[in-house]
Each structure stands twice: as structure tokens, then as C-alpha cells.
Amino acid sequence: MCGNNMSVPLLADAVTVSGAERETAAVIFLHGLGDTGHSWAEALSSIRLPYVKYICPHAPRIPVTLNMKMVMPSWFDLMGLTPDAPEDEAGIKKAAESIKAIIEHEMKNGIPPNRIILGGFSQGGALSLYTALTCQHQLAGIVALSCWLPLHKAFPQAASNGVNKDIAILQCHGEMDPMIPVRFGALTAEKLKSIVTPTKVQFKTYPGVMHNSCPQEMMAVKEFIEKLLPRI
């Protein structure tokens with residue numbers, strides 16, 4: 001593979017699970033607040049496809065308002081976890097640009113955007129939704145786990161180029177989530193249906209699951225990836 005990772009800061013130390021054969025597709029997956037790319041690289045390894053490359057970057061460490069300004073891995077600042085909480089608009093947009101740089105890097109290395117899925121959990125899922133919907137390239141799909149759409153009031157206008165109007169979205173949420181209530185996930189799904197083709201949005205909920213993943217959810221993610229990124 002050619003291409004210089006150093007020109008894309010997040011790729012320099014991202015956890016990459018390489019394909020066992022020629023890579024014809026990629027999944028870029030963003031972790032949640034306070035986490036690193038390692039945990040999701042491990043989770044995705046258990047459902048990996050041999051021709052897909054999995055890239056799990058680490059968020060930069062910044063002070064987070066929600067956590068008394070403690071410094072921790074965070075894609076952008078968080079002030080609250082309710083639909084009407086103030087948002088770090090500049091931070092969200094800057095983070096989205098850094099993820100778009102990873103997409104561009106993979107394209108330069110020969111993986112077309114329609115063979116790239118962007119996904120994430122919690123804050124990472126939020127960023128993956130915002131990034132994909134404002135991306136200039138037509139992506140394969142979005143995996144949005146236990147999350148919300150940031151700057152939701154800016155949509156559908158923010159997605160005005162319409163490139164990803166038909167993008168497939170798999171949204172999953174634990175029904176007992178105490179951090180980001182499932183109701184917030186349901187509101188997000190409704191909003192997404194006003195931005196993309198409604199039939200392309202799947203919203204799956206899991207009884208008894210809190211703010212984490214479960215085996216059933218990971219199987220749904222695997223099926224979604226297999227369907228959108230078939231072997232070529």
C-alpha cells in the first residue's frame with residue numbers, strides 16, 4: 001500500500017486490522033468518549049471479513065465540559081447529553097474534517113468511497129453520522145450505535161449536496177441505556193428519515209442492554225457490512 005499516513009494525523013497511530021487477502025473495502029469505526037480505538041478493533045476482529053480493512057483511530061485528548069473539564073479522549077467537547085443541550089459546533093466540524101481526511105486517504109490508496117462504511121459508538125457514532133451526511137463522497141453506509149445526530153437542527157440543509165441521500169444507515173440502541181436514552185435514539189432515527197431515503201434507515205433496539213454493545217447487535221453489524229460490502 002502506498003500513501004503517507006503521517007499526512008493524516010489520526011492515521012499515524014490508528015489501530016488497523018488488515019485484511020487477510022486483497023483489501024477491496026474499508027470500515028472506519030470511531031470509539032466513544034474516554035475510550036480508544038483498541039476496544040473496537042478487538043470487537044470488529046470477531047466479525048471481520050477477509051477483504052475488508054478496519055481502521056479504528058483514537059480521539060485526541062481534550063478537556064470535556066460534561067466531565068468537569070477532565071482531559072480524556074474525546075472527538076469534540078460535550079456540554080450535555082439531551083437533544084437541546086448546547087453543542088461544540090466548531091469542534092464537531094473540525095472532527096468531521098479529520099475523519100474525512102481518513103476517507104480521502106483510503107480513496108488515494110485505491111478503495112472507492114462506495115466501498116467505505118463509516119461507523120461508531122456513542123460520541124463516535126454521533127460523529128460518524130455527522131461526517132457521512134456532510135461528506136462530498138458517496139459512501140456505502142453508516143453504523144450508528146447508541147448515539148445521536150449532532151447539530152441536528154442544521155439538517156437537512158447541512159446535507160444539501162445530497163450525495164448521500166440514499167445511504168444505508170444501521171442504528172442500534174440498548175433499551176436500558178442510562179447515558180443516551182433510547183428515546184433520544186428514536187428521535188434521531190426519525191430525523192435521519194427526513195434527511196435520507198426513509199426506507200434506508202434501520203433502527204434496532206435491544207431489551208435489557210445498557211450503554212454498551214451485545215452479541216446480537218454485533219451480528220446485525222456484521223450482516224449490514226456483508227450486505228453493503230460484498231466480495232468483488
Side-chain angles (χ1 to χ4, degrees), residues 1 3-18 26-45 53-82 85-109 111 113 116-137 139 142-152 154-155 158 177 179-180 184 188 211-213 221:
M1 296 292 272
N4 179 7
N5 282 1
M6 296 314 290
S7 60
V8 183
L10 284 179
L11 273 178
D13 61 351
V15 187
T16 301
V17 181
S18 299
V27 172
I28 302 165
F29 200 92
L30 312 178
H31 65 74
L33 178 69
D35 200 2
T36 68
H38 290 289
S39 56
W40 282 98
E42 201 172 303
L44 291 166
S45 293
K53 176 185 192 177
Y54 300 85
I55 303 166
C56 299
H58 307 303
R61 295 176 61 84
I62 62 168
V64 176
T65 303
L66 186 67
N67 287 354
M68 298 178 296
K69 291 282 184 190
M70 275 175 60
V71 173
M72 62 183 62
S74 185
W75 298 107
F76 47 86
D77 193 13
L78 279 172
M79 287 74 155
L81 289 174
T82 58
E87 294 185 274
D88 175 17
E89 183 172 351
I92 291 164
K93 289 179 173 174
K94 183 182 170 200
E97 288 308 311
S98 63
I99 302 306
K100 287 171 188 172
I102 299 179
I103 295 168
E104 301 265 351
H105 184 270
E106 291 312 301
M107 288 166 59
K108 284 187 191 130
N109 278 346
I111 294 178
I116 296 175
I117 285 176
L118 191 54
F121 174 80
S122 194
Q123 190 195 35
L127 181 57
S128 71
L129 281 172
Y130 183 83
T131 304
L133 293 173
T134 58
C135 187
Q136 302 296 316
H137 305 289
L139 303 175
I142 311 169
V143 174
L145 310 181
S146 308
C147 68
W148 69 96
L149 175 63
L151 305 178
H152 62 94
F155 290 95
D177 192 332
M179 303 276 292
I180 300 157
F184 197 178
T188 298
H211 193 61
N212 53 11
S213 188
V221 170

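Remember, it's a predicted structure, so these values are computed and weren't measured experimentally.
- Note on ring orientation: taking the six-membered ring where Trp is involved, the planes of His38 and His58 are tilted (angle from 30° to 60°).
- Heavy atoms only, all atoms of each residue included: Pro73 and Leu33 are closest at O-CD1, 3.6 Å.
- The side-chain contact (heavy atoms from CB on, under 4.5 Å) search around Ala158 returns Thr134, Ala154, Phe155, not counting sequence neighbours.
- Under the side-chain contact (heavy atoms from CB on, under 4.5 Å) criterion, Met179 pairs with Leu81, Asp177, His211, not counting sequence neighbours.
- Under the 4.5 Å side-chain criterion, counting only non-hydrogen atoms from C-beta, His105 is not in contact with Ile103.
- A distance of 11.5 Å separates OG of Ser18 from OH of Tyr54, quoted to the nearest 0.5 Å.
- Residues Leu30 and Phe121 have side chains not in contact (no heavy-atom distance under 4.5 Å, counting atoms from C-beta outward).
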Donor-acceptor list for residues 124-131 side chains, cut-off 3.5 Å, not counting sequence neighbours:
residue : atom : partner : partner atom : Å
Ser128  : OG   : Gly125  : O            : 2.7
Thr131  : OG1  : Leu127  : O            : 2.7

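- Taking 4.5 Å as the limit, every side-chain heavy atom of Thr65 sits out of range of all side-chain heavy atoms of Asp88.
- Here the side chains of Cys56 and Thr16 are not in contact, with every heavy-atom distance at 4.5 Å or above.
- No side-chain heavy atom of Ile55 sits under 4.5 Å from any side-chain heavy atom of Leu10.
- By the 6.0 Å contact criterion, CE on Met79 is enclosed, its count of non-hydrogen atoms from other residues, nucleotides or ligands being greater than 12.
- Summarising the geometry, atom CD1 belonging to Ile92 is positioned 4.5 Å from atom CD belonging to Glu87; distances are rounded to the nearest 0.5 Å.
- Across Ile180 and Ser146, no two heavy atoms sit closer than the pair CD1-O, 3.4 Å.
- Without hydrogens or angle criteria, Glu106 side chain to Ile116 main chain gives no donor-acceptor distance under 3.5 Å.
- Two residues are said to be in side-chain contact when any heavy atoms from C-beta on lie closer than 4.5 Å; Leu145 and Phe29 meet this criterion.
- The two atoms that bring Gly80 and Leu66 nearest to each other are CA-CD1, 3.8 Å, heavy atoms only.
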- Evaluation steps, salt bridge (Lys or Arg N to Asp or Glu O under 4.0 Å), between Lys93 and Glu89: CA-CA 6 Å; Lys93 289 179 173 174; Glu89 183 172 351; 2.7 Å; yes
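- In terms of the salt bridge (Lys or Arg N to Asp or Glu O under 4.0 Å) criterion, residue partners of Glu97 (sequence neighbours excluded) are, by chain and number, Lys100.
- A distance of 7.5 Å separates CD1 of Ile99 from CD1 of Ile28, quoted to the nearest 0.5 Å.
- Leu133 has its side chain out of reach of Cys135: every pair of non-hydrogen atoms, C-beta onward, lies at least 4.5 Å apart.
- One finds the CE atom of Met107 at 14.0 Å from the CD1 atom of Ile102 (value rounded to the nearest 0.5 Å).
- Qualifying side-chain contact (heavy atoms from CB on, under 4.5 Å) partners for Asp35, counting only residues two or more places apart in sequence or in other chains: His31, Ser39, Trp40.
- Legend: residues meeting salt bridge (Lys or Arg N to Asp or Glu O under 4.0 Å) with Glu42, ordered by chain and number and at least two apart, are absent.
- A pairwise comparison of heavy atoms in Ala41 and Val15 identifies CB-CG1, 3.5 Å as the closest pair.
- Closest heavy-atom contact between Cys147 and Ser122: CB-O, 3.2 Å.
- Between Lys53 and Val17 the shortest side-chain heavy-atom distance does not fall below 4.5 Å.
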